[in-house]
Amino acid sequence: MATYYISLTGDDSTLDGTNPLTPYETLNAAEAASSNGDTIEFADGTYPLSSWQCNGVTGYANIDKALILKATNAGKVNVSASNATYFLRLNGAWAGDTLGVDGINFTDANGSPTYAIAIKNQSATVGTLNITNCDFQVNGLYGVFYTGDTVSGMDLSISNCTHTGGSTSRAFVYLNTYPSGTFSISDCTLTQKGVTVPQGVIKVQGTAAGVTCSVKRVIVNIDTNGATGRGIYITNIDNAIVDGCTVTSSSSASDAGFSINITSESATLSSDFSQVINNTVLNKCYAGFGIVIGTDGSTAGDNNANDGLVFNNSVTGTDDFKEGLGHGIMFGFCQNGNSFFNVADNLGLGILCKDATGGGHFNNKISKTGRTNGDGSGIQSKGSTNVKYYANEISMSKASYGAAFVANQDLVTGVNNTGIEVESNLILCYEDVPVTTKLTSTTDANQDVTFKKNSYVNISEMSSAPFAYQGSSYTLSQWKSGVEDDLYESNLSLPIFVESGAPRAVTYIPSQPNVVTSSLFVLQPSQELQLFAAPALEENEYVTIEVNDAIQGWRSMGVVVNQSDSNGFIVNNKRVAQQYRITKSATRSPTRIESN
């Protein structure tokens with residue numbers, strides 16, 4: 001395997017391209033001299049179109065050999081194209097071959113080709129293509145595109161790349177008819193601005209069983225203008241993984257947006273056993289979804305996205321998204337979907353299971369849900385069967401509307417809830433909860449829901465009849481005697497409550513003279529917390545703070561609000577998030593503790 005060299009100072013007629021000191025001037029000369037398995041290396045520079053076009057075509061590079069196109073120094077090589085269709089076309093029989101594009105910047109200064117890199121494998125056997133360290137400043141429709149008339153797929157890997165697309169850009173990765181092979185993308189930053197025909201910044205659709213898809217540590221930013229946008233969109237692929245990504249969806253035209261969507265759009269192919277883990281989602285659209293497993297409708301692919309896992313994600317919406325009843329996490333028409341340890345904040349719906357069967361949703365933290373007209377909820381079960389909601393924490397505050405938990409019929413399919421269990425959840429009620437907001441709401445007698453051993457903290461902050469069961473309002477005593485006799489109810493203390501987007505954590509302990517210890521809360525690195533006592537503390541009265549040390553366990557950090565004082569201040573100076581809790585001593589007067 002040989003390496004051929006190209007330089008702006010090269011010469012095709014007098015030099016042989018075999019050495020950096022004797023480079024060719026054009027890719028056309030290097031490609032003609034090369035064979036399968038060779039590398040073509042570009043010296044630093046911005047290459048004119050005449051140096052880029054090759055292999056009998058005008059305006060783009062046409063490659064039909066298994067070559068690696070590489071920059072000597074990644075990011076220091078710039079190329080452009082003038083063809084309306086292609087920038088770089090890889091068109092050959094790639095059975096077992098390895099191709100590569102490394103360190104090249106694609107800039108469509110001379111036009112907007114439809115495809116930055118178009119891939120076609122005419123072999124019945126997959127090949128391998130690695131795209132790494134490239135920058136795509138293109139306004140064509142697609143960045144990396146796999147043509148639909150291909151015979152076989154590729155093992156395609158994209159890493160350490162950046163992409164910036166304008167209004168005409170539809171997708172960076174568009175593998176809409178991927179017949180075989182593996183796809184992975186990692187450590188990339190992808191941005192699309194003002195997109196008018198969005199098809200998914202990353203869109204991967206399998207057309208046969210056995211395709212795999214992995215999306216890891218990718219930053220996705222999509223802004224739409226007039227159509228529903230999708231950030232990461234995977235369909236008809238089992239065992240798909242979306243891990244450690246940051247997805248921000250927005251719209252300049254009141255559009256809906258899907259941030260992460262794994263579904264099946266086929267009656268014969270599935271998207272089972274997907275994993276959406278460790279991601280951060282911010283949806284600034286006017287409706288839509290943060291994370292979706294399955295579908296929100298009735299299609300041929302219903303119940304073909306089963307056994308999905310949504311774990312340790314953060315999903316946040318803006319007020320516009322919340323008022324548009326934007327959903328945080330949804331499992332739709334799927335079986336055995338599970339969600340654990342997610343944070344859902346400022347959403348129309350926190351977690352929705354729609355026509356779902358089986359599965360469980362445990363240890364999720366949900367806050368500030370519902371829109372101001374009273375629609376929405378922290379958790380909603382719609383027309384589902386044998387789904388369990390266990391040990392979730394739902395915070396009800398002045399920004400909470402609808403209900404903490406809702407069970408209702410799916411009016412489209414006519415399916416009611418059956419065998420739903422709501423057990424050992426913690427529902428925290430803060431000051432100024434809207435009077436129409438409920439803790440629970442089951443709409444009618446056809447909703448089969450069991451409530452067991454749930455904890456309701458500061459229920460006195462709610463209305464006198466904070467429960468709704470089978471369409472009727474219940475007081476606490478009615479609820480205990482008729483629905484849930486093993487509940488726990490307390491009016492003593494509350495854990496830290498984090499406002500969306502606030503730089504500080506927020507806590508509140510109701511006014512009382514007793515010794516009170518809060519539930520644990522978390523401060524991120526450099527996050528600050530200022531505590532206030534009202535009224536000011538008297539002699540021998542104080543508020544102490546403890547930290548959960550990784551080595552020593554819980555240990556005291558001393559007094560944070562001292563006697564004869566009204567406030568104190570703490571900051572997490574560690575490089576990792578830490579758990580804390582505060583304790584108010586006995587006080588002569590009823591005293592409340594809160595933070596800014």
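The backbone N or O of Asp243 sits nowhere less than 3.5 Å from a side-chain atom of Gln275 that would complete a donor-acceptor pair. Looking at Thr168, its side chain never comes within 3.5 Å of a backbone N or O of Leu141 through a donor-acceptor pair. The main-chain N or O of Lys120 is found under 3.5 Å from a side-chain atom of Trp94 such that the two form a donor-acceptor pair. The backbone N or O of Cys245 sits less than 3.5 Å from a side-chain atom of Asn279, completing a donor-acceptor pair. Checking side-chain atoms of Tyr47 against main-chain N and O of Ile6 turns up a donor-acceptor pair under 3.5 Å. With hydrogens and angles disregarded, a donor-acceptor distance shorter than 3.5 Å links the side chain of Asn121 to the backbone of Thr125. In this structure, Lys354 contributes its side chain and Asp296 its backbone to a donor-acceptor pair below 3.5 Å. Checked by atom type and distance alone, the side chain of Trp52 never pairs as donor or acceptor with a backbone atom of Asn78 at under 3.5 Å. Of the possible donor and acceptor atoms, none in the side chain of Asp320 sits under 3.5 Å from a partner among the backbone N and O of Cys285. Not one N or O on the side chain of Thr235 forms a donor-acceptor pair closer than 3.5 Å with the backbone of Ile262.
Here the CG atom belonging to Leu347 is positioned 12.0 Å from the CG atom belonging to Leu352, to the nearest 0.5 angstrom. Between atom OG1 of residue Thr98 and atom CG of residue Asn130 there is a gap of 7.0 Å, rounded to the nearest 0.5 Å. Asn62 contributes atom CG, which lies 8.0 Å from atom CD of Glu31 (distance to the nearest 0.5 angstrom). Phe136 CZ to Ser169 OG: the interatomic distance, rounded to the nearest 0.5 Å, is 11.5 Å. To the nearest 0.5 Å, atoms OG (Ser251) and NZ (Lys284) are separated by 11.0 Å. A distance of 11.5 Å separates CZ in Arg371 from NZ in Lys322, rounded to the nearest 0.5 Å.
The only option from Asn342, Asn364, Asn363 that meets the side-chain hydrogen bond (donor to acceptor under 3.5 Å, both in side chains) definition with Asn392 turns out to be Asn364.
Other residues, nucleotides and ligands contribute over 12 non-hydrogen atoms within 6.0 Å of the NZ atom of Lys388. For NZ of Lys65, the number of neighbouring non-hydrogen atoms (other residues, nucleotides, ligands) closer than 6.0 Å is greater than 12.
Between Phe258 and Phe289, the ring planes lie tilted relative to each other; the angle falls in the 30° to 60° range. Ring planes of Tyr86 and Tyr115: tilted class, angle from 30 to 60°.
Residues Phe311 and Phe340 keep their aromatic ring centres 6.0 Å or farther apart.
Of the N and O atoms on the side chains of Thr295 and Thr263, not one donor lies less than 3.5 Å from an acceptor on the other residue. In this model, no donor atom of one side chain and acceptor atom of the other lie less than 3.5 Å apart for Ser186 and Ser159. In summary, the side chains of Asp319 and Asn346 do present a donor paired with an acceptor at a separation below 3.5 Å, with no hydrogens or angles considered. For the 3.5 Å distance criterion, the side chains of Thr162 and Asp135 qualify, holding a donor opposite an acceptor. Judged by distance alone, the side chains of Asn91 and Gln122 do bring a donor and an acceptor atom under 3.5 Å apart. No side-chain N or O of Ser266 forms a donor-acceptor pair with one of Ser264 less than 3.5 Å apart. Looking at Asp102 and Thr132, their side chains never bring a donor and an acceptor atom within 3.5 Å of each other. Looking at Ser250 and Asp223, their side chains do bring a donor and an acceptor atom within 3.5 Å of each other. Counting only N and O atoms by type, the side chains of Asn278 and Asn312 include a donor and acceptor under 3.5 Å apart. Between the side chains of Asn225 and Thr196, not a single donor N or O lies within less than 3.5 Å of an accepting N or O.
Using a 4.5 Å cut-off on side-chain heavy atoms (C-beta onward), Ile237 and Tyr178 make no contact. In this structure the side chain of Ser274 never reaches within 4.5 angstrom of the side chain of Leu309, judged on heavy atoms. Using a 4.5 Å heavy-atom threshold, the side chains of Ile119 and Leu156 count as touching. Here the side chains of Leu27 and Ile40 are in contact, with some heavy-atom distance below 4.5 Å. Between Ile241 and Lys216, the closest side-chain pair of non-hydrogen atoms falls below 4.5 Å. Looking at heavy atoms from C-beta onward, Asn306 lies out of side-chain contact with Asn336 at the 4.5 angstrom threshold. In this structure, the side chains of Leu99 and Met154 come closer than 4.5 Å at one or more pairs of heavy atoms. Annotation: side chain of Phe273 is not in contact with side chain of Asp238 (no heavy-atom distance under 4.5 Å).
When all heavy atoms are compared, the tightest approach of Gly37 to Met1 is O-SD, 3.2 Å. Residues Ile131 and Cys161 approach most closely at O-SG, 3.9 Å, considering heavy atoms. Here the closest heavy-atom approach between residue Ser82 and residue Leu49 is recorded as OG-CD2, 3.0 Å. Nearest heavy atom pair, residue Gly59 against residue Ala81, reads O-CB, 3.2 Å. Here the shortest heavy-atom pairing between Ser259 and Asn283 reads OG-ND2, 3.3 Å. Contact between Gly103 and Cys134 at its shortest, heavy atoms only, is N-SG, 3.7 Å.
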Would Leu269 and Asn304 count as a side-chain contact (heavy atoms from CB on, under 4.5 Å) here? Give the steps. CA-CA 7 Å; Leu269 297 174; Asn304 277 357; over 6 Å; no
Which donor-acceptor pairs under 3.5 Å do the side chains of residues 66-74 make with protein atoms, sequence neighbours left out?
{"unit_1": "Thr72", "atom_1": "OG1", "unit_2": "Glu41", "atom_2": "OE2", "d": "2.8"}
{"unit_1": "Thr72", "atom_1": "OG1", "unit_2": "Phe42", "atom_2": "O", "d": "3.1"}
{"unit_1": "Asn73", "atom_1": "ND2", "unit_2": "Asp44", "atom_2": "OD1", "d": "3.1"}
{"unit_1": "Asn73", "atom_1": "ND2", "unit_2": "Asp44", "atom_2": "OD2", "d": "3.3"}

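Contact check on Lys382 versus Asp410 returns no salt bridge, with no Lys/Arg side-chain nitrogen under 4.0 Å from an Asp/Glu carboxylate oxygen.
Looking at residues two or more places apart in sequence or on another chain, you find no ring-ring contact (aromatic ring centres under 6.0 Å, His included) involving Phe183.
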